[in-house]
Structure formats: C-alpha cells, structure tokens
*Asks:* 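The structure that follows is given in the form of structure tokens.
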Protein chains: 2
Amino acid sequence: MRVLVVEDDHALAEVIAEGLRDQGMAVDLAHDGLAAAAKLDLASYDVVVLDRDLPGLHGDTVCQMITDRAARPMVLMLTAASAPGDRVSGLTLGADDYLAKPFHFPELVLRVHALARRKPDARPRTLRAAGIELDPVRRIAVRDGRQLVLSVKEFAVLEALLRTSPGFLSAETLLEQVWDENADRFTNTVAVTIGRLRRKLGDPPLIATTPGIGYHIA
Amino acid sequence: MRVLVVEDDHALAEVIAEGLRDQGMAVDLAHDGLAAAAKLDLASYDVVVLDRDLPGLHGDTVCQMITDRAARPMVLMLTAASAPGDRVSGLTLGADDYLAKPFHFPELVLRVHALARRKPDARPRTLRAAGIELDPVRRIAVRDGRQLVLSVKEFAVLEALLRTSPGFLSAETLLEQVWDENADRFTNTVAVTIGRLRRKLGDPPLIATTPGIGYHIA
DNA sequence: GAGGACTTAACAACAGCATGACAACGCCGC
DNA sequence: GCGGCGTTGTCATGCTGTTGTTAAGTCCTC
C-alpha cells in the first residue's frame, strides 16, 4: 500500500512516516501543498494523510485537487483544531475521514487501513488464493494452516501479488507499489525479495515468473 | 512507461532521452516527422514528446496524425516560440500539454509523468471466442476455466488470432503484427510458435490451418 | 508416389531471472 | 556502548525458459 503524508511539521511527518512504514506501507513525504501536488502527479497513492494547516497551498485546496480526480486516493485529514465545525467542512470538501491532533498513533494506523479498504477497488479484509490466507491489517499470513513469518517487504509483495491475482505484476510495478519514491529503478532487489519470499512459502511453488512480463500467483 | 521523443536537434533529443531514461522510462527517438510516424505504427507509446518545428512533416501534422487515432498516446508539444497564440493552436490540434523552449528539465519530467497518469485506460473488453477468454490488459488467458501460462510471443499470437476471429491470419501477417519490422520473412518461427501455442491450449484443437491461406480460431 | 505445405523435435544462443555471499543498517538486550 | 540478530539492498555468478533455426517427419493433393 502506498501512502503520501503531507505535513509541514517535519518532525511529526517523520514520526508518522516511520510508523506507517513499520506497518509495511510505502510512504512518501511532502511538506507543503505544492510538493504534495507534484508527488500526486508522479505516483498513484492509496491513501493521503493530509494536514489541514499547510503553508502555501492550504490543506483544503489540496484536498479538493485530489478529490476532483477520477481515480483518486482516499484522504485522511489531520487538524489541530477540534472545533466541531471543522469536521463538517472537512468532510464537505471531500476528505474521507478526519482525525484531530493530538491523536493516538494506533488510531491513525487503523484509520489508514480502514480507508484503504473503503477504496472503490476495495481490498477485502482478508485475501485468499491458492491455499494462502492473508490479513493485511493484523499482518498475518497463513499457508495451508501454517503461519508464515514474513518480513515487512515480503509481506507487502505477497499482498500485492494476491490483490492482483490472477493478473501479473512486473518488477517495475512492484517497485512502484511496495517501495517508495527513493527506490532505485535499476535494482534487482525485487527479484531478491521474491526469492526470499518463495523460500518462506515453501512447496509447492506459489509464485510463477513469466520472463519479460512479471510475477503471478500460480 | 514508453515514451517517444520527436526532436530534430539530435543533441537536445539525446539530452531529453537520457534524462527520461534516468527516470526509468523506455525512450525511443525520432528525428523527423516521417520517422515518428513509422515508429508510432510499430509500437504503442504512453507519451510522445513532440517538437513543433520539425523538418519534413510539421509537428502539428504529426500531432493530428496521433490524435486522430483511437488508442493514442498523450502528446506533450515542445515549441521554440512562446507567443501566446501558439499555446491555443497547439492545444486545438490535440496536444495534451504544451511546453515552451527553453524549459527546465525537471518540469519536462513532471509533465510527462502527469500526462501518463492522465492517459485514459484503454479498456478493450476481454476477448472471447470458443471457450477462450483473454484479457490483454491484465495479460490473462483462460480456457474452460483453466488459466494458461503463455510466453510473450504465444500470448501475442493468440491475441492477434482472437482479434481477427473469425477471420484468417497468414503467417506473413502474423510476422508483421507480432514480430517487428526486422523479422526475417523466410523464417519458420511463426509455425513453431503456433505449434507451441497449440500444445499449451490442449484439446480440443482450437487453432486450425487452411493451407495457402493462414490460421484461424476454430 | 512425387511434390508442396505444414508440423514437430531437437538444439543452440540468449536474455532475464535466480541465487548465494556479503555489507550496511537499525533494533534489542545487556 | 557493544555485540548479536534480523532485514534489506548490492553484486557476481550461474541457471532456466524462451526463442529462432535446422532438419526430419507428416499429411494432403494431384
């Protein structure tokens, strides 16, 4: 899952980003509205965590820019003020959920997950395919009754593959979906991660390769 | 992402191409309108970066050729002139975005990305015939509920046959459609690929041969 | 049964991918 | 702070499946 955090307080932004990364999300940062707009053009996000009080372009404006689009990410608006009116106008502007600072971090995580599930191309609570059962929120993966111990990246790759099943995912697309903007495009880290994932998945082989096309769940 | 850069200034063309390649894009070059037209027939691009002042075929003409098509790439028009009228006529001709030389390179990159994301998903419905279901976008082929694992060429040949169904495709036509312009006309590779495809399709036979005419879906 | 047209098997070349070893990094307990 | 541990990315190397080719085999027509 790919998330954009828009927050002018650098320290807070880092805290949020790190916390979400621990959850296996690919997180990009923007510290003002303009940077956010640029990043939104460069990648497609599942969720945007958006501070309402931004320098330059106001959060409300950014929110409208996002929600004007056809295929848009879900927006979780953060606000310092807790005036009840804010909630209303925020939602009116098209934010999909609302969270007042200060907030408990676990709640932020929960809401981001919940928003991702509400997306039009929604992801079900648990993904199932070919003897695999995967719970993205609780981060549990089971194959044939046996629980798998996966690293953050391995889990994210497996989730992406299951979501796309029975379709294909190229290494390039996986880089976009699972890694963040700092990923080197000419690396073979995807191949390595797939390899490690395959080993943990055990037999029979679950992930198949079609040279020149990508990976898919067999 | 696949990009065609059409620019008669070889040095500038190289600079643009290299810069876009650094962004992980697959970039082809054309130095005049005719070459551009030829390449556009041979491959499907996501974005065309098009210089307006081209020798031979003018950029405007090339732009119209592109935008007349159904499944067309997005066009970013480059122009030396910055007269305000240019922008209007350029966009009128169907360019999707406009950039005046000299430009800042990061801006070019941003706009190419933005265009790619604006590109409407060509949604060619799944192709169906005789128990076969084929989704060119997700690259899935299913026969009687069983997913087929096809190589790049095999898939392309099957797709071509289904698109032409119930018509015929000669080996020569298949060579043109699936292989590139440099393919040896006296090769046997089409027949071999058809053979391998038949084996993967299994029984009952799906691809029939009419000697002297070509192949078709039975 | 001779000839043409297509099919098939076997092989070699190649690109793309897989893999093991290693290094860098952060995390944790002590 | 230090050493151990797991994760992640990089690199070099080896391997595997795909692809095009050649040549032998099959089928049909005349």
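In what follows, every heavy atom counts, from backbone to side chain, and hydrogens, waters and symmetry copies are set aside.
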*Asks:* Would you mind writing out the side-chain donor-acceptor pairs for residues 204-218 of chain A within the sub-3.5 Å range, not counting sequence neighbours?
*Replies:*
{"residue": "Thr209(A)", "atom": "OG1", "partner": "Arg198(A)", "partner atom": "NH2", "Å": "2.6"}

*Asks:* Heavy atoms within less than 4.0 Å of DNA chain D: which residues of residues 148-156 of chain A have one? Give them sorted by number.
*Replies:*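 Within residues 148-156 of chain A, the residues near DNA chain D are Ser151(A), Val152(A), Lys153(A).
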*Asks:* Could you check how far CZ of Arg198(A) sits from P of dT19(C), rounded to whole Å?
*Replies:* 7 Å
*Asks:* Would you indicate, yes or no, if dA18(C) has its OP1 or OP2 atom less than 4.0 angstrom from a side-chain nitrogen or oxygen of Tyr215(A)?
*Replies:*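 Answer is yes, contact under 4.0 Å.
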*Asks:* Does a side-chain N or O of Trp179(A) approach OP1 or OP2 of dG9(D) to a distance below 4.0 Å, or not?
*Replies:* yes
*Asks:* Mind calculating the distance between CG (Asn188(A)) and C1' (dA15(C)) to the nearest angstrom?
*Replies:*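 Going from Asn188(A) (CG) to dA15(C) (C1'), I get 15 Å.
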*Asks:* Assess whether a salt bridge exists between Arg2(A) and Asp28(A), defined as any Lys/Arg side-chain N lying under 4.0 Å from an Asp/Glu carboxylate O.
*Replies:* yes
*Asks:* Phosphate oxygens OP1/OP2 of dA9(C): is one of them under 4.0 Å from a side-chain N or O of Arg199(B)?
*Replies:*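 Result: yes.
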*Asks:* Does dA18(C) have OP1 or OP2 under 4.0 Å away from a side-chain N or O of Thr209(A)?
*Replies:* yes
*Asks:* Looking at every strand, decide which applies to Arg196(A) at a 4.0 Å heavy-atom threshold: base, sugar-phosphate, or nothing.
*Replies:*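 It contacts base atoms.
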*Asks:* In whole Å, I'd like the distance from the CD1 atom of Ile194(B) to the P atom of dC6(C).
*Replies:*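 My rounded result for the distance is 12 Å.
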*Asks:* When you check the gap from the basic side-chain N to the acidic O, do Glu159(A) and Arg163(A) get nearer than 4.0 Å?
*Replies:* no
*Asks:* Using a heavy-atom cut-off of 4.0 Å across all strands, would you classify Thr189(B) as base, sugar-phosphate, or nothing?
*Replies:*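 Touches a base.
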*Asks:* I'd like to check Asp46(B) versus Met74(B) (side-chain heavy atoms, cut-off strictly below 4.5 Å). Are they in contact?
*Replies:*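 With C-beta onward as the side chain, the pair stays apart.
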